[in-house]
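Numbers here simply count residues along the sequence, with the first being 1. This structure is a prediction, so every number in the text was calculated from the model and none was measured. Order of appearance sets the numbers: ligands from 1, and atoms from 1 within every ligand.
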Amino acid sequence: MPATVIVGAQWGDEGKGKIVDLLAQHSDIVCRYQGGPNAGHTIVVGSETYKIRALPSGIVRGKPCVIGNGCVVDLEVLIGELDEFERRGHPTDEVYVSGNAHLIMPWHVAIDQVSERRLGKLAIGTTKRGIGPCYADKAMRLGIRVQDILDPKILRQKIEVALAEKNLWLERVYETEPFELETVATQYEDYAQRLRPFVADTSLYVDTALRNGKLVLFEGAQATLLDLDHGTYPFVTSSNPVAAYAAIGVGIGLKRIDRVLGVAKAYVTRVGEGPFPTLIPEPQQTRMRELGGEYGTVTGRERLCGWLDLVALRYAIRVNGIDQLALTKLDVLSELAELPVCNRYRLRDGSETSEFPAHQSDFHAAEPVYEVLPGWREPLDACASIDDLPAAARAYVEFVERELGTEVTLVGTGAERERILSPHGVASVAGA
Ligand code: IMP
């Protein structure tokens with residue numbers, strides 16, 4: 001069973017990068033299938049810390065890495081990462097970037113920034129990396145794609161056509177500075193020269209690998225509740241992190257996907273705006289943020305913390321077809337005496353439901369109904385296997401499994417690479 005999708009089951013920042021890094025050692029290829037540098041993964045290897053935004057996390061393990069057609073690519077960010085990995089001694093000759101992926105251009109970033117400002121109180125709280133405007137241009141059929149960098153004449157022409165329209169918007173609607181054609185064209189020709197060798201037919205590459213029995217990981221960015229279709233719209237990203245999109249965003253048949261691993265934190269966090277039923281009140285909010293080090297990798301923003309929400313997780317299991325879960329950052333809960341877990345929502349009419357509300361206004365008004373589990377109040381540092389966990393910590397994990405009817409096959413107990421427990425072994429989670 002060689003193709004595994006790893007998908008965020010909450011609002012992002014579940015620690016997917018670390019899980020991908022772990023499973024990558026037993027895999028042959030790691031692919032990203034959507035999103036762009038709005039993602040941010042931190043991987044700690046001994047004294048080295050890697051912060052990755054564009055490249056798949058498999059790069060740290062030296063695995064072939066694919067940036068699929070469903071991604072949006074900021075050349076400055078990607079080239080910066082390629083340069084840095086090369087400098088730190090990691091080869092990049094097996095990085096493959098789909099020619100069909102779209103380029104995030106400087107005007108996308110500018111428009112993301114000014115449109116968020118204009119929205120004022122209604123702002124989405126985006127990462128301001130140009131993600132939404134880039135996907136919008138893709139849908140409008142105005143985008144510039146990675147393959148356009150292969151021919152300097154075409155690239156210049158496309159920039160010229162796009163700028164003729166974008167500058168009008170920037171100046172007349174957003175009342176901000178336009179871009180100068182020569183400056184952008186020269187800069188992009190430099191980027192193009194650096195990136196050309198990496199452009200590939202990634203659909204063919206991944207399909208051939210799967211046919212040859214290779215183990216391929218599909219690394220979702222952002223998460224289920226930020227999905228454009230299935231998330232808490234409009235407070236979502238502009239792509240589809242859900243597992244089914246792995247097939248579209250890489251260009252393989254959907255029957256090639258064998259398994260879906262959902263990654264969830266042992267509590268919940270959210271950055272940006274939007275409803276958040278299990279939000280922890282102060283002063284515990286600040287305490288949780290500090291215990292978990294909950295600050296955005298990309299933006300440095302404070303993440304809001306909430307108690308574990310099984311209603312939302314049940315929904316993530318449904319819309320992704322998750323067949324096993326990784327529960328990360330269990331150690332962060334070690335200091336707490338009591339652990340509320342939300343297993344149902346109370347709706348406006350007083351009824352209770354264990355299923356995620358289908359309509360936005362029901363979700364906005366939903367109140368969490370908690371079951372309070374006892375904490376374990378001891379560090380998990382010395383736990384080398386699931387059996388070493390304190391009884392209350394094991395009970396917490398078992399409660400999640402029982403209520404969701406889904407096995408937890410990985411448990412995170414610390415930031416370092418080796419601090420993950422697995423009842424059946426990591427290789428089996430990777431499908432090896
Ligand atoms: P955008 O993806 O920059 O357009 O932002 C849209 C929403 O997705 C905002 O609420 C962001 O905070 C959120 N978001 C985007 N990427 C991530 C991520 O990697 N982790 C957590 N939230 C994210």
Considering the heavy atoms of [X], write down every atom of ligand 1 situated less than 4.0 Å from one of them.
X      : value
Ala39  : 19 (O)
Gln222 : 15 (C), 16 (N), 17 (C), 19 (O)
Trp11  : 21 (C), 22 (N)
Val271 : 10 (O), 12 (O), 21 (C), 22 (N)
Ile124 : 10 (O)

[atom]: the protein heavy-atom neighbour that sits closest, reported with distance to 0.1 Å:
atom                    : value
atom 20 (N) of ligand 1 : Asp13 OD1, 3.1 Å
atom 6 (C) of ligand 1  : Val236 O, 3.3 Å
atom 18 (C) of ligand 1 : Asn38 O, 3.7 Å
atom 3 (O) of ligand 1  : Thr127 OG1, 2.6 Å
atom 2 (O) of ligand 1  : Thr237 OG1, 2.6 Å
atom 5 (O) of ligand 1  : Thr126 CA, 3.3 Å
atom 13 (C) of ligand 1 : Leu226 CD1, 3.8 Å

Open item on the list: Using 30° and 60° as the class boundaries, would you call the ring planes of Phe179 and Trp107 parallel, tilted or perpendicular?
Closed with: perpendicular

- [ ] Could you pull out, from Gly272, Ala221, Gly125, Ser238, the option with a heavy atom nearest to atom 11 (C) of ligand 1?
- [x] Gly125

Task: Criterion side-chain contact (heavy atoms from CB on, under 4.5 Å) against Ser57, the qualifying member of Lys63, His41, Arg32 - done: His41

Open item on the list: Tell me which one of Asn240, Val242, Val236 satisfies side-chain contact (heavy atoms from CB on, under 4.5 Å) with Asp229.
Closed with: Asn240

Between [Y] and [X], is there a side-chain donor-acceptor contact under 3.5 Å, judged purely by atom types and distance?
X      : Y      : value
Gln34  : Gln222 : yes
Thr176 : Arg117 : no
Trp11  : Thr269 : no

Could you tell me whether some N/O pair between [X] and ligand 1 is separated by less than 3.5 angstrom?
X      : result
Asp112 : no
Arg301 : yes
Glu273 : no

- [ ] To the nearest 0.5 angstrom, please state how far the OH atom of Tyr295 sits from the CZ atom of Arg301.
- [x] 14.5 Å

- [ ] To the nearest 0.5 angstrom, please state how far the CG atom of Leu336 sits from the CD1 atom of Ile280.
- [x] 8.0 Å

Task: Minimum heavy-atom distance Thr328-Glu14, with the two atoms named - done: OG1-O, 2.6 Å

Open item on the list: My understanding is that only one of Arg287, Lys265, Arg289 makes a salt bridge (charged side-chain N to carboxylate O under 4.0 Å, His left out) with Glu294; could you say which?
Closed with: Lys265

